[in-house]
Amino acid sequence: MLGFVLQRILQAALVMLAMSALVFVGVYAIGNPIDVLISPDATQDIRDATIARYGLDRPLWEQYGGFLGRLLQGDLGRSLVFGVPVLHLILSRLPATLELAVAAVLAATLIGVPLGMYAGYRPDSPLSKTIMTVSILGFSVPTFWVGLILILFFAVELGWLPAGSRGETVEVFGVGWSFLTANGLKHLILPALNLSLFKLAMMIRLARAGTREIMLSDTVKFARAAGLSDGTILRRHVLKLISIPIVTVFGLEFGSTLAFAVVTETIFSWPGLGKLVIDSIQSLDRPVMVAYLVLIAFLFVLINLSVDLVYALLDPRLRRGQVA
Amino acid sequence: MAVTFLQPGSPTRRFLGDFRESWIATGALAVVVLIVLLAVFAPWITPQDPYDIANLSLADARRPPGFVGSEGYVHVLGTDAQGRDLLSAILFGLRISLEMGLAAGLFSFVLGASLGILAAYLGGRFETAIMRFVDLQLSFPAILLALVLVALLGQGKGQLIVALVAAQYAYFARTAFGAAATERRKDYVEAAAATPLSGRRIILRHLLPNALPPLIVVATVQVANAIALEATLSFLGLGLPETEPSLGMLIANGFQYMMNGRYWISVYPGIALIVLIVAINLVGDQIRDQLNPRLRR
């Protein structure tokens with residue numbers, strides 16, 4: 001078991017190393033950062049000084065080596081546009097994205113699971129068919145378009161909810177949170193709903209499939225024989241049993257929620273990580289792009305690693321390396 | 001659907017017969033065909049060439065649907081910020097969106113299917129290396145990969161197709177590998193491999209035809225996904241350059257005007273996009289159901 005764990009951790013580390021090299025070399029190929037940094041009428045001396053300060057005059061492998069060394073010390077470089085350390089920049093934007101992602105995941109679960117359970121409990125009712133049609137739409141309609149329609153409907157036509165930004169925030173532990181003020185909460189609703197739609201569709205499918213299967217099981221038959229009402233069976237037994245696969249898939253999908261936040265944050269001008277990365281792509285802010293991508297890659301490698309390890313705990317065949 | 005297997009005729013004919021029985025899928029297919037025709041013949045049927053600046057008049061800009069412009073005809077869907085007829089812009093945009101979707105779908109199909117089938121045929125190290133990489137990539141969201149690549153490669157049709165293919169080929173590779181690996185282990189393929197038949201023949205005659213049905217299903221879904229992905233990237237300002245106004249860009253251009261109630265500039269291109277994507281997905285769903293032996297009655 002220990003050998004398997006070590007092997008997987010080593011593999012993950014190798015993947016991370018390869019990813020960081022790919023990202024670094026790839027991002028290096030974009031544009032010329034000197035054009036962004038230095039105004040065209042700067043003197044040659046200022047030019048040289050700036051180039052030397054950012055280390056842009058040294059060969060690529062040396063820049064990568066330096067980058068890797070600093071990365072291991074937690075130093076991700078300085079933003080070319082904002083002039084502050086990238087780590088600081090990312091940490092200051094992270095709460096907004098986390099808040100949005102958590103709100104979206106919660107909304108998807110709280111709305112999706114009951115709808116999916118109903119659709120699984122009464123598969124042939126018209127309401128269930130409507131729910132399933134909506135879930136198909138949730139899968140195929142692009143996120144950005146749904147965001148536009150939400151803004152058009154709730155912000156422009158009805159004027160109920162604001163169309164962008166975070167609204168008032170409350171400082172807790174040194175960072176601002178929107179969900180603690182009524183105004184911030186209002187700002188959170190539309191982006192969270194937008195980001196949750198894809199997960200909502202998935203949640204409905206998962207809950208429906210699970211419920212349909214479990215309604216036929218002996219557990220439910222015995223519960224019925226014991227005289228429990230269907231409502232109680234659904235709440236006490238079915239919900240408990242379908243929650244295992246749902247929680248698993250959710251853990252896996254949290255990373256992609258962060259990725260999709262790129263689109264939602266741009267539409268709703270939500271000042272999170274996704275907005276930051278789009279802005280930095282447009283302004284060729286290399287250190288920020290590299291740091292964001294390395295961070296996301298790290299997140300995915302970490303998620304995959306934990307999934308592998310958890311599966312190994314559950315499935316003894318994997319541990320002996322037969323399928324691995 | 002109960003008696004169709006009694007009818008004489010080729011499997012293709014039977015397939016088409018089954019397909020016709022689902023009115024949703026038939027309707028969706030009709031919509032797809034209609035949209036493709038409209039897009040192909042756009043230059044001949046639109047009221048104006050939306051990208052000939054001589055045709056545009058700022059006096060016509062941002063007019064609501066039904067406005068009669070300075071050229072004397074009705075702008076059925078209104079006009080955009082440059083006074084462009086929106087219907088014409090949408091049909092030209094559909095052309096570009098479809099072109100991108102089909103090109104990305106085709107190249108991902110060829111690349112993914114080749115890698116997947118080759119991995120199944122060769123096995124061993126090659127299989128491990130390829131499929132490990134594919135699985136790793138599948139765990140990473142396609143949109144992020146495409147976003148990064150577009151940022152790295154710059155704007156342009158070719159670059160965008162490369163980014164879309166890189167983000168999508170893995171789905172084809174996984175599907176092709178799954179089907180081909182199952183087939184590879186069957187006795188008749190093992191027997192064929194023991195004879196002097198060339199590997200090429202085994203791949204083309206035995207592995208590819210058996211991997212084809214699931215690949216076709218993936219292809220329909222992925223063309224729709226490529227169109228959606230391209231629209232998303234163009235909406236974010238990272239997809240195609242200004243000279244190639246796809247539907248995503250039309251929607252992005254109208255976004256700023258939506259706040260003061262000029263909804264049509266964004267909404268109608270969006271509706272065209274959604275109708276196209278949903279119709280392709282519905283056709284794909286039906287093909288999948290028909291090719292799934294467990295659902296066949």
Side-chain angles (χ1 to χ4, degrees), chain A residues 11-12 15 18-19 22-23 25-31 133 136-137 139-149 151-153 155-157 163-164 198 252-253 255-263 265-267 274 277-278 280-282 284 289 292-293 296-297 299-301 303-304 307 324, chain B residues 24 128 132-133 135-154 221 224-225 227-238 247-248 251-252 254-255 257-264 266-267 269-271 273-282 284-285:
Chain A
Q11 263 179 11
V15 169
M19 289 290 272
L22 268 178
V23 165
V25 173
V27 172
Y28 188 86
I30 313 179
T133 314
I136 292 175
L137 284 179
F139 270 124
S140 44
V141 175
T143 310
F144 78 95
W145 166 249
V146 179
L148 287 188
I149 295 302
I151 290 182
L152 182 64
F153 199 70
V156 180
E157 291 297 317
F198 189 84
L252 283 175
E253 285 291 318
S256 77
T257 310
L258 292 182
F260 273 99
V262 170
V263 179
E265 285 178 8
T266 309
I267 300 169
V277 78
I278 291 286
S280 68
I281 286 175
Q282 269 153 0
L284 300 179
M289 289 171 66
Y292 174 82
L293 292 175
I296 291 281
L299 194 71
F300 273 88
V301 169
I303 291 174
N304 279 329
V307 170
Chain B
I24 295 182
T128 318
R132 257 290 153 90
F133 190 78
D135 285 342
L136 184 74
Q137 214 196 306
L138 283 178
S139 71
F140 206 74
I143 182 162
L144 211 59
L145 198 70
L147 198 72
V148 172
L149 278 171
V150 164
L152 298 185
L153 300 170
V221 175
N225 279 351
I227 292 173
L229 207 53
E230 182 277 317
T232 305
L233 292 173
S234 293
F235 177 79
L236 293 175
L238 297 167
L247 290 176
I251 297 169
F255 185 36
Y257 301 105
M258 213 173 71
M259 294 298 175
N260 11 355
R262 298 199 175 90
Y263 65 91
W264 57 90
S266 268
V267 168
I271 290 175
L273 180 73
I274 304 303
V275 169
L276 178 63
I277 292 173
V278 171
I280 297 178
N281 276 329
L282 286 174
D285 263 5

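Treat the numbers as computed from the prediction; the structure is a model and nothing was measured. Heavy atoms only: backbone and side chains are in, while hydrogens, waters and symmetry mates are out.
When the candidates I149(A), V277(A), I267(A) are compared by the number of heavy-atom contacts under 4.5 Å with chain B, I267(A) comes out ahead.
How far CG of L273(B) is from CZ of F144(A): 5.5 Å, rounded to the nearest 0.5 Å.
For V15(A), the part sitting under 4.5 Å from any heavy atom of chain B is the side chain, from C-beta outward, and nothing else. Proximity to chain A (any heavy atom under 4.5 Å) is shown, for L236(B), by both the backbone and the side chain. Heavy atoms closer than 4.5 Å to chain B are found in the side chain of Y292(A), but not in its backbone. Residue A224(B): no heavy atom, backbone or side chain, is found under 4.5 Å from chain A. Contact of L238(B) with chain A is made through the side chain alone, with heavy-atom distances under 4.5 Å. When heavy atoms are compared at a cutoff of 4.5 Å, L229(B) does not approach chain A at all. For L276(B), no part lies near chain A; criterion is any non-hydrogen pair under 4.5 Å. If you measure heavy-atom distances from L137(A) to chain B, the contacts under 4.5 Å come from the side chain alone.
Under the 4.5 Å side-chain criterion, counting only non-hydrogen atoms from C-beta, I251(B) is in contact with L148(A). W145(A) has its side chain within reach of V267(B): a pair of non-hydrogen atoms, C-beta onward, lies under 4.5 Å apart. Inter-residue side-chain proximity for L147(B) and I278(A) is flagged as met; some heavy-atom pair is nearer than 4.5 Å. Annotation: side chain of I274(B) is in contact with side chain of P142(A) (closest heavy-atom distance under 4.5 Å). Using a 4.5 Å heavy-atom cutoff, the side chains of T143(A) and T232(B) are not in contact.
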What's the verdict on side-chain contact (heavy atoms from CB on, under 4.5 Å) for V141(A) and I277(B), showing C-alpha distance, side-chain angles and the deciding distance? CA-CA 7 Å; V141(A) 175; I277(B) 292 173; over 6 Å; no
